[in-house]
There are 2 protein chains.
Amino acid sequence: MGRWTPDARGRLQQAALELFTEQGFAATTVPQITGRAGLTTRTFFRHFADKREVFFEGDAVPQLARRLLQQAPADVEPLTLLRHGLRQVGTERFDGQREQVRRRRQVILAEPALRERDAQKRDELVDVIRPGLIARGVDPLAAALLAQVTVVVLHVALEQWLAQPVEQAFGDVSDGCFERLSSTLAPA
Amino acid sequence: MGRWTPDARGRLQQAALELFTEQGFAATTVPQITGRAGLTTRTFFRHFADKREVFFEGDAVPQLARRLLQQAPADVEPLTLLRHGLRQVGTERFDGQREQVRRRRQVILAEPALRERDAQKRDELVDVIRPGLIARGVDPLAAALLAQVTVVVLHVALEQWLAQPVEQAFGDVSDGCFERLSSTLAPA
DNA sequence: GGAGCGATGACACGCCGTGTCGTCACCGAG
DNA sequence: CTCGGTGACGACACGGCGTGTCATCGCTCC
């Protein structure tokens, strides 16, 4: 409990999210955000590297991926581990929150600057998964391909999952994507 | 032949590339670029949407992808088409220019802002390939997965190709990546 | 109770990107 | 040949982003 009202970072995130949905990302300025949060502009940039980061901060997927890769038993097949990992991500961050995820997705898609940052975040996830696989004994080329493909499936499956008429478990959608991809790549 | 010395856009690209390699992307300002090109700052932004675009402009890969997808005979298997497409990209843009490609790659990797834009460019390529596949009769889910995977292979194969001790044909590396991916994803 | 610490405020500043208007060679119509 | 349109660029102003720097002051530890 400091000299100031607590959770400055959380207040900034909250204010930013509200303003982004109210008036769009491009139309809201950092002073507007800090004004609503009761802070100064300079303080915003002490918590977030730039205006886009406040939207993506707290995205726990890379942390979860790191944890799963480290803690899984060594005898688990990499592909199995990755499939279960996506299912885990689904239950922790998607299942049961489809409308919330959809709204967030729409904000991103509407703003080129946020799409770009989203693509970078996917790359960062690849850069977590790949060394994790290598540490588990996967050779570098396969690790690079598997890490990239896992993030691709996460991305495509999320799109599929959001488009379903009725919500199903994300893990089922991502597993379906894995299988579909495997069969599509198999030589005819 | 106008009132001004011709090829303003080309002069800007040239000056920008020189300055980026001389002193780095972040350290060069747009006024520096336009100064060297003999133009004003405002003119820079008439030719390029932002400072990063001058580095990626003229990247003909999406155009090539569009052309290949439209012109290939309708009976070519999608996967075959994509593999040949990557080989084509390799011969047109990579093979025989490895040092040049490597230098460009290093500039991108050294600058987070350029990595981010590079990721966005890969997404844009996906957004060219996917509808092209759908137009060829591939169903939407497979098209999404194949488009993403093709760009992944392009990316991973480029990394592989740059790391080889002696240069080989890019198409051989990308084909190897495709096969490796297919076998890695196949159920044990 | 005094020293160090850490989060924030306050202020200045450079650069990015845009809106707007003026200038002037080129081009086509008459 | 002239005259208005067009299109690229210059000139200027400006808001917003992101950073460097120093001051402030409650908290903690000794």
Side-chain angles (χ1 to χ4, degrees), chain A residues 1-20 22-58 107-108 110-118 120-121, chain B residues 1-20 22-58 107-108 110-118 120-121:
Chain A
M1 205 72 44
R3 172 161 45 138
W4 297 270
T5 80
D7 194 24
R9 169 183 289 260
R11 276 182 294 146
L12 286 169
Q13 286 177 331
Q14 177 68 23
L17 227 51
E18 290 173 11
L19 286 165
F20 290 169
E22 283 173 19
Q23 56 187 29
F25 174 85
T28 88
T29 69
V30 173
Q32 280 178 356
I33 298 170
T34 54
R36 183 171 294 206
L39 295 165
T40 63
T41 302
R42 189 65 185 87
T43 297
F44 180 92
F45 293 105
R46 288 196 179 95
H47 287 280
F48 305 100
D50 55 45
K51 202 173 103 180
R52 302 175 221 173
E53 272 306 293
V54 71
F55 194 83
F56 292 92
E57 189 79 3
V107 174
I108 294 174
E111 186 63 43
L114 293 178
R115 295 178 72 139
E116 195 170 2
R117 180 56 52 88
D118 186 61
Q120 183 202 281
K121 292 296 180 184
Chain B
M1 203 68 49
R3 169 158 49 137
W4 297 271
T5 80
D7 195 24
R9 173 186 213 83
R11 276 183 294 147
L12 286 170
Q13 284 177 332
Q14 177 68 23
L17 227 49
E18 289 172 12
L19 287 165
F20 290 169
E22 284 171 17
Q23 56 186 28
F25 174 85
T28 87
T29 69
V30 173
Q32 280 179 355
I33 298 170
T34 54
R36 184 172 294 205
L39 295 165
T40 63
T41 302
R42 188 66 184 90
T43 297
F44 180 92
F45 293 106
R46 289 196 179 96
H47 287 280
F48 305 100
D50 55 46
K51 204 172 100 178
R52 302 174 219 173
E53 270 307 292
V54 72
F55 193 84
F56 292 93
E57 191 78 2
V107 175
I108 293 174
E111 185 63 42
L114 293 178
R115 294 177 70 138
E116 196 171 1
R117 180 58 51 89
D118 186 61
Q120 183 201 281
K121 293 295 182 184

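Among residues two or more places apart in sequence or in another chain, the side-chain contact (heavy atoms from CB on, under 4.5 Å) test is passed with A/Ala113 by A/Phe25, A/Arg52, A/Glu111. For the side-chain contact (heavy atoms from CB on, under 4.5 Å) test, no residue two or more places apart in sequence or in another chain qualifies with B/Ala110. With sequence neighbours excluded, the residues forming a side-chain hydrogen bond (donor to acceptor under 3.5 Å, both in side chains) with A/Arg117 are A/Asp50, A/Glu53, B/Glu116, listed by chain and number. Applying the side-chain hydrogen bond (donor to acceptor under 3.5 Å, both in side chains) criterion to A/His47, with sequence neighbours excluded, gives no partner residue.
In this structure, B/Arg11 places its CZ atom where more than 12 heavy-atom neighbours from other residues, nucleotides or ligands lie under 6.0 Å away.
Rounding to the nearest 0.5 Å gives a distance of 12.0 Å between CG of A/Leu12 and CG of A/Leu17. B/Phe55 CZ to B/Lys121 NZ: the interatomic distance, rounded to the nearest 0.5 Å, is 12.0 Å.
Of the residues in residues 7-16 of chain B, none lies under 4.0 Å from DNA chain C by heavy-atom distance.
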Could you run down nucleotides 13-23 of chain C 5' to 3' and tag each one B, S or - for protein heavy-atom contact under 4.0 Å? --SSBBBB--B
Which atom pairs, donor and acceptor, lie under 3.5 Å between side-chain atoms of residues 32-45 of chain A and protein residues at least two apart or in another chain?
{"residue": "A/Gln32", "atom": "OE1", "partner": "A/Gln23", "partner atom": "NE2", "Å": "2.6"}
{"residue": "A/Gln32", "atom": "OE1", "partner": "A/Thr29", "partner atom": "N", "Å": "3.4"}
{"residue": "A/Thr34", "atom": "OG1", "partner": "A/Val30", "partner atom": "O", "Å": "3.1"}
{"residue": "A/Thr34", "atom": "OG1", "partner": "A/Pro31", "partner atom": "O", "Å": "3.1"}
{"residue": "A/Arg36", "atom": "NH1", "partner": "A/Glu18", "partner atom": "OE1", "Å": "2.7"}
{"residue": "A/Arg36", "atom": "NH1", "partner": "A/Glu22", "partner atom": "OE2", "Å": "3.1"}
{"residue": "A/Arg36", "atom": "NH2", "partner": "A/Glu22", "partner atom": "OE1", "Å": "3.3"}
{"residue": "A/Thr40", "atom": "OG1", "partner": "A/Thr43", "partner atom": "OG1", "Å": "3.2"}

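Taking both residues in full, the closest heavy atoms of B/Phe56 and B/Ile108 are given as CE2-CD1, 4.0 Å, listed atom of the first, atom of the second, then distance.
D/dA8 atom P lies 13 Å from atom CG of B/Leu39, rounded to whole Å.
Listed pair A/His47 / C/dA7 fails the phosphate criterion, with no side-chain N or O lying under 4.0 Å from OP1 or OP2.
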Short N/O separations, protein against nucleotides 1-6 of chain D, under 3.5 angstrom:
none

